[in-house]
Amino acid sequence: MHTGKQLSTEIDATVPTAARMYDYYLGGKDNYAADRAAVEELDKVVPSTRRLALNNRRFLQRVVRILTQEYGIRQYLDHGSGLPTQENVHQVAQRIDPTTHVVYVDNDPMVLVHGRALLEQDERTAVIQADMRETDEIFGHAETRRLIDFSQPVCVLFNSVFHCIPDSDTDGPLALARRVRERLAPGSFMVTCQLVSEDPEVRASVTDFMNRATQGRWGRVRRQKDVESYFEGLEILEPGLVEVSTWRPDTEVAPRQLTQEWIEFGGVGRVPL
Ligand SMILES: C[S@@+](CC[C@H](N)C(=O)[O-])C[C@H]1O[C@@H](n2cnc3c(N)ncnc32)[C@H](O)[C@@H]1O
């Protein structure tokens with residue numbers, strides 16, 4: 001299997017990527033025929049995925065709005081940010097406070113191509129291409145050092161990304177969450193959700209499909225208890241770890257999934273003060 005950690009600077013339109021498939025689900029235009037064909041195949045196994053994707057994005061937007069407005073967060077480090085779409089993290093946060101700093105990290109070269117123009121709208125926002133597992137590289141990157149002060153509270157996002165990486169004692173989601181959390185000041189937040197299913201057949205078939213479609217550049221569907229483990233040592237904000245459309249819903253929540261073969265499950269944790 002491909003380790004997935006080598007960064008590609010060239011866009012290969014023939015092999016689907018998670019970023020472009022997700023863009024298609026959200027109604028974006030930064031995707032190719034191969035991505036759309038993969039989505040159509042995936043829909044046969046998990047037909048509620050479009051609503052799942054919309055609700056995931058709205059969860060991210062609610063979290064950023066609430067953390068900026070109610071918890072005073074003014075710096076965001078967004079791992080696996082995805083292709084720019086409507087209401088990206090910096091737009092949601094900077095509408096509340098224009099001085100908010102945001103660093104986007106993604107390993108997909110398309111995010112860099114399409115992201116730079118749209119996401120780097122001011123000197124308070126940057127996009128870097130890196131594998132989210134390269135914590136030293138990301139925290140030490142010149143743009144991260146310029147924009148994020150890790151002695152102050154920060155929100156680190158791992159929103160809908162851990163299913164993109166395989167298990168590993170050193171680089172799997174649990175090790176990565178621990179490694180990043182150790183670097184955060186008290187009062188910082190970590191946001192995590194990922195695709196889960198309690199049905200072993202769904203876990204096996206979707207994991208297999210996505211790894212074949214992306215030529216091994218994916219991880220796996222996990223269980224709710226796996227996501228719970230990523231929050232060890234953190235205070236979990238109300239309402240806890242949930243299917244994300246039920247996390248502090250407002251009028252902007254998209255229609256719920258009609259079927260729940262898999263869901264985005266997660267929430268928000270705070271480093272104790
Ligand atoms: C489903 S999208 C989630 C986008 C966004 N976080 C959200 O919740 O709307 C997953 C993103 O993670 C990125 N990704 C996958 N594996 C990655 C890795 N190892 N390092 C950095 N980014 C990665 C993909 O390129 C894609 O943009």
Side-chain angles (χ1 to χ4, degrees), residues 1-8 11-12 15-28 30-31 35 38-39 42 46 49-50 52-64 76-92 102-115 119 127-135 137-138 141 155-168 171-173 175-176 180 190-196 206 210-211 213-221 244-245 247 254 262-268:
M1 185 185 279
H2 203 287
T3 67
K5 281 183 85 175
Q6 303 92 321
L7 288 180
S8 162
I11 293 166
D12 182 349
V15 179
T17 73
R20 299 188 323 232
M21 288 174 69
Y22 182 61
D23 176 70
Y24 182 51
Y25 272 123
L26 294 180
D30 299 331
N31 51 75
D35 306 303
V39 162
L42 185 59
V46 275
T49 307
R50 189 174 302 273
L52 176 155
L54 288 169
N55 272 311
N56 172 67
R57 192 71 194 175
R58 292 184 190 188
F59 163 71
L60 170 69
Q61 292 158 350
R62 285 199 303 286
V63 167
V64 170
Y76 289 86
L77 177 57
D78 186 3
H79 293 84
S81 52
L83 282 153
T85 173
Q86 305 287 315
E87 293 291 279
N88 301 291
V89 169
H90 75 288
Q91 288 155 327
V92 174
V102 178
V103 175
Y104 294 108
V105 180
D106 206 288
N107 66 347
D108 191 312
M110 189 103 161
V111 173
L112 225 64
V113 171
H114 289 260
L119 301 179
V127 185
I128 61 180
Q129 190 189 13
D131 190 292
M132 68 175 140
R133 292 164 286 188
E134 300 291 358
T135 307
E137 182 191 330
I138 293 168
H141 193 286
C155 171
V156 174
L157 295 152
F158 286 105
N159 205 68
S160 186
V161 292
F162 280 161
H163 47 254
C164 297
I165 57 172
D167 291 332
S168 146
D171 270 336
L176 178 53
V180 168
M190 191 182 295
V191 180
T192 300
C193 65
Q194 86 136 72
L195 291 164
V196 304
V206 179
M210 283 302 295
N211 273 299
T214 62
Q215 299 190 350
R217 294 181 179 84
W218 212 68
R220 72 180 181 91
V221 182
V244 298
S245 73
W247 195 93
W262 65 351
I263 58 170
E264 280 283 358
F265 180 82
V268 182

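Note that ligands are numbered from 1 as they come in the structure, with each ligand's atoms numbered from 1 the same way.
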Novice: Would you call Arg20 and Asp35 a salt bridge, taking side-chain N to carboxylate O under 4.0 Å as the test?
Specialist: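 Between Asp35 and Arg20 there is a salt bridge, with a charged N closer than 4.0 Å to a carboxylate O.
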
Novice: From atom 18 (C) of ligand 1, work out which of Asn88, Asn107, Ile128, Ile138 has a heavy atom at the shortest distance.
Specialist: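 Shortest heavy-atom distance from atom 18 (C) of ligand 1: Asn107.
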
Novice: Please name the residue in the list Val89, Asn88, Val127 that meets the side-chain contact (heavy atoms from CB on, under 4.5 Å) test with Val102.
Specialist: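 Testing each of Val89, Asn88, Val127 against Val102, the sole residue satisfying side-chain contact (heavy atoms from CB on, under 4.5 Å) is Val89.
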
Novice: When rounded to the nearest 0.5 angstrom, what is the spacing between CE in Met110 and CG in Leu83?
Specialist: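 One finds 6.0 Å between CE of Met110 and CG of Leu83.
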
Novice: Which is it for Asn56 and ligand 1 at heavy atoms under 4.0 Å: side chain, backbone, both or neither?
Specialist: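 Just the side chain.
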
Novice: Quick one: does ligand 1 sit under 4.0 Å from the side chain of Arg133, the backbone, both or neither, non-hydrogen atoms only?
Specialist: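 Under 4.0 Å from ligand 1, Arg133 contributes side-chain atoms alone.
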
Novice: Quickly, which of Asp78, Asn56, Thr192 forms a side-chain hydrogen bond (donor to acceptor under 3.5 Å, both in side chains) with Asn159? Name it, please.
Specialist: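 Only one option passes, and that is Asn56.
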
Novice: Only one of Asp30, Asp108, Val39, Val111 forms a side-chain contact (heavy atoms from CB on, under 4.5 Å) with Asp23, so which one is it?
Specialist: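 Checked Asp30, Asp108, Val39, Val111 against Asp23; only one passes side-chain contact (heavy atoms from CB on, under 4.5 Å): Asp30.
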
Novice: One residue to check: Val161. Relative to ligand 1, which of side chain, backbone, both or neither has a non-hydrogen atom less than 4.0 Å away?
Specialist: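 Side chain only.
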
Novice: What pair of heavy atoms forms the shortest contact from Leu42 to Met210, and how long is it?
Specialist: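 In terms of heavy atoms, the two residues are closest at CD2-SD, 4.2 Å.
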
Novice: Relative to ligand 1, is Met132 under 4.0 angstrom through side chain, backbone, both or neither, heavy atoms considered?
Specialist: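 Both the backbone and the side chain of Met132 come within reach of ligand 1.
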
Novice: Nearest heavy atom to atom 5 (C) of ligand 1: which of Pro166, Gly219, Ser81 does it belong to?
Specialist: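 Result: the heavy atom closest to atom 5 (C) of ligand 1 is in Ser81.
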
Novice: Could you tell me whether Val105 approaches ligand 1 through its side chain, its backbone, both or neither, with non-hydrogen atoms closer than 4.0 Å?
Specialist: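 It is neither; nothing of Val105 touches ligand 1.
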
Novice: Who's closest to atom 4 (C) of ligand 1 heavy-atom-wise, of Gly80, Ala130, Ser160, Gly115?
Specialist: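 Selected option, by shortest heavy-atom distance: Gly80.
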
Novice: Of the listed options (Asn159, Leu26, Ile165, Asp78), which comes nearest to atom 8 (O) of ligand 1 when hydrogens are ignored and any heavy atom counts?
Specialist: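 Closest candidate by heavy-atom distance is Asn159.
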
Novice: Would you mind telling me which of Phe158, Tyr22, Trp218 makes a ring pair (Phe, Tyr, Trp, His ring centres under 6.0 Å) with His163?
Specialist: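 So, applying the ring pair (Phe, Tyr, Trp, His ring centres under 6.0 Å) to His163 and each of Phe158, Tyr22, Trp218, only Trp218 qualifies.
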
Novice: Contact between ligand 1 and Asp106 is defined here as a heavy atom of the residue under 4.0 Å from a ligand atom; is it met?
Specialist: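 Contact present.
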
